[in-house]
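Start at 1 and go down the list; that is how both ligands and their atoms are numbered.
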Amino acid sequence: MARTRRGRSVPLPGQLEPRGPEPERYGYVILGAGCAGLSLCHYLLERGVDAPILILDRKQAFADDRTWCFWDVEETPFSDRAIRRWNSWSVRAEGREVVHTSRRYPYLCLTGADFYESVLGKISTHGNVTIRLGEDVRFSKELDDGVLVVTSAGSYLAGLVFDGRGLPPDSAALEEARRKGTWISQQFLGLRLRSRRPAFDPDTCTLMDFSVDQGRGLRFAYVLPFDEHEALVENVYLSKTGAPPEAHRAELSGYLQDRYGLFGGDYEVHGEEWGDIPMTAHRFRRRTGTRTHVIGTLGGETRPSTGYTFLRVQRYCRELAASLTGADGDPEGVHPWRYGPLDRVFLRLLRERPERCPGIYARMFAGTPPDPLVRFLTEVSSPLDDAGLIGTLPKLPFLRLAAGEALDRVRESL
Ligand SMILES: Cc1cc2nc3c(=O)[nH]c(=O)nc-3n(C[C@H](O)[C@H](O)[C@H](O)COP(=O)(O)OP(=O)(O)OC[C@H]3O[C@@H](n4cnc5c(N)ncnc54)[C@H](O)[C@@H]3O)c2cc1C
């Protein structure tokens with residue numbers, strides 16, 4: 001796959017490897033060299049932080065492990081590395097296809113490898129960052145004058161700690177969200193493939209294609225066509241149970257046949273992506289101590305109703321870095337509160353009435369012009385945008401869902 005250079009691993013720049021004597025104390029220790037941990041480090045450095053920063057991760061290397069997409073509603077330090085920008089996207093459901101085009105807000109695609117390469121390159125130009133890979137963080141403990149971080153390989157003292165270790169399926173925070181019943185999983189398997197004949201329309205990506213069998217739970221296909229031959233095609237479940245990887249693969253093979261007429265011998269698979277993103281209204285803790293902040297998915301950055309996380313991570317980390325360095329950053333203000341009730345109602349729809357979702361999404365996409373729709377999906381909409389979108393939703397079912405949500409909240413507060 002020469003064109004998109006997928007699947008390559010990204011070496012750790014030498015300037016970031018452990019070197020010289022270990023400082024007695026780091027100004028900042030970041031747990032997790034993922035999207036949030038690396039982004040926060042970049043924003044801290046951009047704000048002029050020159051105290052020693054240590055980033056710890058249990059992985060051994062930076063792999064091309066995911067593909068991030070987000071709408072280009074604002075500049076991020078990584079947007080210039082996008083490998084593809086689509087101005088048109090489609091939703092297919094109940095026998096119709098809605099295609100939207102926006103010149104103003106393209107949908108950007110950033111590969112995992114390009115993100116890691118870009119952010120590591122930026123961080124490595126500063127002399128005060130060390131990244132230690134292959135170290136599993138066991139625990140951290142707040143002391144009177146700092147935080148002690150204990151890993152599989154040693155211990156470190158920090159002024160401040162940022163926990164960005166993600167949200168694995170067995171995490172305590174996710175267990176709590178599950179117990180309260182306020183979650184479903186966005187589970188997907190994606191194939192990076194190349195077809196032998198032209199099969200894809202490179203101008204339009206497919207956000208949700210519900211024209212697939214819904215027998216196992218709410219399911220759709222997601223297609224990112226890089227050119228006529230090359231695409232990332234994902235099989236996505238929005239449900240509590242999802243499906244085993246082999247079922248995902250079989251369903252993808254069926255989808256490629258039905259939608260594109262591609263049989264097994266017509267394409268080569270160059271890689272796979274797996275994700276299990278919790279979509280939940282659970283309130284994750286932002287602080288677990290006076291000196292310990294929680295960032296990324298572990299801090300609740302995934303939007304409950306969509307699973308989109310990348311832009312929210314950028315916004316939160318940028319503001320957190322500003323607030324920690326004396327500027328007027330407002331990390332708590334980056335996700336406007338008014339999206340909360342709507343997100344909870346959509347999440348309830350996904351949990352309680354999944355069979356109605358394909359029709360409702362198609363109606364919402366068909367009835368809302370592309371720009372207001374994108375602004376809503378990225379939490380930068382105006383009240384007028386929101387009113388227009390809400391106007392496309394079926395009144396009675398949504399009023400019932402909203403009433404159920406309100407009742408649950410009253411019960412919780414008693
Ligand atoms: C395949 C995939 C595709 C996605 N696509 C999109 C998308 O298109 N758009 C979007 O908005 N969002 C997307 N997401 C969701 C979200 O943006 C990503 O999951 C994002 O990486 C979350 O950032 P994070 O920093 O919270 O976690 P991660 O990026 O997962 O980073 C967590 C890091 O912590 C490390 N770690 C965990 N436990 C320990 C430990 N005990 N000790 C040391 N290190 C530890 C991990 O190794 C990892 O490197 C996707 C997610 C996946 C999995």
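Taking all heavy atoms of E273, R138, R58, Q186 into account, the minimum distance to atom 43 (C) of ligand 1 is reached by R58. Taking only non-hydrogen atoms, the option from L108, D136, L56 nearest to atom 41 (N) of ligand 1 is D136. In the candidate list G166, G190, G296, G166 is nearest to atom 27 (O) of ligand 1, counting heavy atoms. Around atom 20 (C) of ligand 1, the closest heavy atom drawn from Y222, W68, F62 belongs to W68. Across the listed options G32, A33, C35, G164, G164 owns the non-hydrogen atom lying nearest to atom 32 (C) of ligand 1.
Under the 3.5 Å distance criterion, with hydrogens and angles disregarded, a donor-acceptor pair is assigned to the side chains of E332 and Y316. Counting only N and O atoms by type, the side chains of D386 and S381 include a donor and acceptor under 3.5 Å apart. H335 and E301 form a side-chain donor-acceptor contact under 3.5 Å, judged by distance and modelled atom types alone. When only modelled atom types and interatomic distance are considered, Y116 and D65 share a side-chain donor-acceptor pair under 3.5 Å. T67 and R6 are linked by a side-chain donor-acceptor pair at a separation below 3.5 angstrom, with hydrogens and angles left out of the test.
Remark: ligand 1 atoms within the under-4.0 Å shell around heavy atoms of V137 are 40 (C), 41 (N), 42 (N), 43 (C). Counting atoms of ligand 1 from 1 in the listed order, those under 4.0 Å from a heavy atom of F188 are 1 (C), 2 (C), 3 (C), 52 (C). Near E135, the atoms of ligand 1 lying under 4.0 angstrom from a non-hydrogen atom of the residue are 42 (N), 43 (C). Listed by number with element, the atoms of ligand 1 under 4.0 Å from a non-hydrogen atom of W274 are 1 (C), 53 (C). The atoms of ligand 1 that sit less than 4.0 Å from any heavy atom of I277 are 14 (N), 15 (C), 50 (C), 51 (C). Of all atoms in ligand 1, listed by their number and element, those nearer than 4.0 Å to a heavy atom of K59 are 49 (O). Within the listing of ligand 1, atoms 3 (C), 4 (C), 5 (N), 6 (C), 7 (C), 8 (O) sit less than 4.0 angstrom from a heavy atom of T67.
Looking only at heavy atoms of the protein, atom 31 (O) of ligand 1 is closest to G34 CA, 3.3 Å. Nearest non-hydrogen protein atom to atom 37 (C) of ligand 1 is R165 O, 3.2 Å. Looking only at heavy atoms of the protein, atom 25 (O) of ligand 1 is closest to A36 N, 2.8 Å. From the protein, the heavy atom lying nearest to atom 30 (O) of ligand 1 is R66 NH1, 3.4 Å. Looking from atom 7 (C) of ligand 1 to the surrounding protein, the closest heavy atom is C69 N, 3.5 Å. Scanning the protein heavy atoms around atom 12 (N) of ligand 1, the nearest turns out to be T309 N, 3.6 Å. The shortest contact between atom 22 (C) of ligand 1 and any protein heavy atom is with T297 CG2, 4.0 Å. Closest protein heavy atom to atom 33 (C) of ligand 1: D57 OD2, 3.6 Å.
Residue-to-ligand polar distances keep V313 apart from ligand 1: every N/O pair is separated by 3.5 Å or more.
Salt bridge present: R8 and D114 bring a charged side-chain N and a carboxylate O closer than 4.0 Å. E379 has a carboxylate O that lies under 4.0 Å from a charged side-chain N of R312, or vice versa, which qualifies the two as a salt bridge.
In this structure, the ring of F70 has its center no less than 6.0 angstrom from the ring center of Y308.
Contact annotation: the side chain of K240 never approaches that of S185 to less than 4.5 Å [non-hydrogen atoms, C-beta and beyond].
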query = Hey, mind stepping through Y43 and Q314 against side-chain hydrogen bond (donor to acceptor under 3.5 Å, both in side chains) and telling me if it holds?
reply = CA-CA 9 Å; Y43 291 116; Q314 299 309 317; 2.7 Å; yes
message = Could you go through H270 and E230, starting from their C-alpha distance and side-chain angles, then the distance that decides it, and tell me whether this counts as side-chain hydrogen bond (donor to acceptor under 3.5 Å, both in side chains)?
response = CA-CA 10 Å; H270 292 263; E230 192 177 312; over 6 Å; no
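Between D72 and the choices R84, R85, R375, R103, the salt bridge (Lys or Arg N to Asp or Glu O under 4.0 Å) rule is met once, by R85.
When all heavy atoms are compared, the tightest approach of M279 to T306 is CE-N, 3.8 Å.
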